[in-house]
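Only one structure is covered here, and it is reproduced in the block below.
Keep in mind that what you see is a predicted model, and the values were worked out from it rather than measured.
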Amino acid sequence: MNEKIHHGRNIKRFREMLGIKQEALAFELGADWSQKKISLLEQKEEVEEDLLRQVAEILKVPAEAIKSFNEEKAVNIISNSFTSHDNATGLIYNHNPTFNPLDKLIESMEENKKLYERLLESEKEKVELLKKMLDK
């Protein structure tokens with residue numbers, strides 16, 4: 001089966017899993033981007049390679065993950081792992097991870113905080129510019 005992977009939907013999934021709003025992603029992509037444009041991007045079945053890599057870098061995920069993630073297959077793998085009776089479920093649990101999950105969570109939260117701070121700073125700059133324009 002040669003099924004198409006929906007790049008836009010995968011961008012949305014990764015963005016939501018990371019707790020990043022469309023506005024924040026638009027801000028990181030630059031002045032040409034808006035929440036509406038991100039929404040349209042997330043509806044595209046295929047995203048241009050350069051843009052896909054740029055989004056992947058911002059989301060801190062491999063571009064290949066966005067290009068190849070298939071939710072249906074992932075659900076089937078998880079479902080089959082939990083319903084099999086050959087002790088395969090033991091492979092799912094890593095009781096000795098090579099990283100501290102809490103450190104990863106905190107790192108992710110710090111990244112989100114930085115994104116929101118930059119977004120807030122940008123909004124403050126816009127307000128100041130509007131005030132200056134109104135004063136003239």
Side-chain angles (χ1 to χ4, degrees):
M1 275 199 276
N2 191 8
E3 55 198 79
K4 281 287 226 180
I5 303 292
H6 198 289
H7 295 170
R9 197 174 304 131
N10 285 345
I11 289 171
K12 180 178 181 178
R13 285 188 182 109
F14 282 107
R15 179 185 59 73
E16 288 176 341
M17 283 189 281
L18 294 167
I20 297 172
K21 294 196 173 285
Q22 288 179 331
E23 293 88 351
L25 180 57
F27 176 78
E28 288 299 312
L29 283 169
D32 293 343
W33 287 86
S34 65
Q35 178 274 323
K36 175 80 171 157
K37 202 167 172 184
I38 296 296
S39 180
L40 293 172
L41 172 70
E42 291 176 350
Q43 294 173 29
K44 289 178 74 173
E45 185 168 341
E46 195 166 327
V47 176
E48 304 80 36
E49 185 70 25
D50 289 343
L51 179 56
L52 190 124
R53 291 203 181 285
Q54 192 177 1
V55 170
E57 188 176 312
I58 291 167
L59 297 177
K60 296 184 181 354
V61 298
E64 284 304 313
I66 294 173
K67 290 198 290 190
S68 62
F69 180 75
N70 182 318
E71 185 175 28
E72 188 175 309
K73 286 181 181 177
V75 168
N76 284 339
I77 290 168
I78 293 168
S79 160
N80 290 340
S81 297
F82 281 110
T83 57
S84 69
H85 299 289
D86 61 358
N87 292 331
T89 56
L91 299 175
I92 294 172
Y93 302 107
N94 182 358
H95 296 289
N96 299 310
T98 57
F99 62 91
N100 185 339
L102 289 178
D103 288 343
K104 291 291 185 185
L105 178 63
I106 290 170
E107 184 180 306
S108 173
M109 290 174 70
E110 287 299 318
E111 287 294 323
N112 284 347
K113 182 179 173 185
K114 288 176 188 174
L115 276 172
Y116 286 122
E117 286 171 351
R118 288 197 299 263
L119 183 61
L120 180 61
E121 188 60 36
S122 171
E123 291 300 315
K124 285 179 183 177
E125 289 172 10
K126 286 180 191 175
V127 168
E128 286 302 315
L129 282 172
L130 287 172
K131 282 182 182 178
K132 286 179 184 176
M133 290 173 68
L134 288 173
D135 288 342
K136 288 185 180 179

Which side-chain N or O atoms in residues 120-132 pair as donor and acceptor under 3.5 Å with protein atoms at least two apart or in another chain?
| from | atom 1 | to | atom 2 | distance (Å) |
| --- | --- | --- | --- | --- |
| Glu123 | OE2 | Lys126 | NZ | 3.3 |

Original post:
Would you say His7 and Glu45 make side-chain contact, with heavy atoms under 4.5 Å?
Top reply: no
Here the gap from Lys60 atom NZ to Ser108 atom OG, rounded to the nearest 0.5 Å, amounts to 10.0 Å
Point to revise | Heavy-atom side-chain proximity of Phe14 to Ile66 below 4.5 angstrom | key: yes
| message | A side-chain contact here means heavy atoms from C-beta on lying under 4.5 Å apart; do Leu115 and Phe27 qualify? | response | no
| query | Looking at side-chain heavy atoms only, is the closest gap between Asp32 and Lys37 below 4.5 Å? | reply | yes
Those residues at least two apart in sequence (or on a different chain) that pass side-chain contact (heavy atoms from CB on, under 4.5 Å) with Glu117 are Lys113
Closest non-hydrogen atoms of Lys21 and Tyr116, given as atom of the first, atom of the second and distance, are CG-OH, 3.5 Å
- prompt: Taking atom types as modelled, is there a side-chain donor on Gln35 or Glu23 under 3.5 Å from an acceptor on the other?
  reply: no
Query raised in the report: So, Glu28 and Gln54: side-chain donor and acceptor under 3.5 Å apart, yes or no?
Result: no
Q: Report yes if the side chains of Lys67 and Glu49 come closer than 4.5 Å at any heavy-atom pair, otherwise no.
A: yes
Value for CD1 (Ile11) from CD1 (Ile20), rounded to nearest 0.5 Å, stands at 12.0 Å
>> So Arg9 and Glu42, do their side chains get closer than 4.5 Å, heavy atoms only?
In response: no
dist Lys44:NZ -> Leu52:CG (nearest 0.5 Å) comes out at 10.0 Å
Could you tell me if the side chain of Val55 sits less than 4.5 Å from the side chain of Leu51, heavy atoms only? yes
In short, Ile38 meets Ala26 closest at the heavy-atom pair CG1-CB, 3.7 Å
field: Cluster check Leu41, Leu119: I/L/V/M/F/W/Y, side chain < 4.5 angstrom
entry: no
Nearest heavy-atom contact between Phe69 and Asn10 is O-ND2, 2.8 Å
Going by chain and number, the hydrophobic cluster around Leu105 (ILVMFWY, side chain to side chain under 4.5 Å) further includes Met109
Separation between CG (Leu25) and OG (Ser34), nearest 0.5 Å, reads 11.0 Å
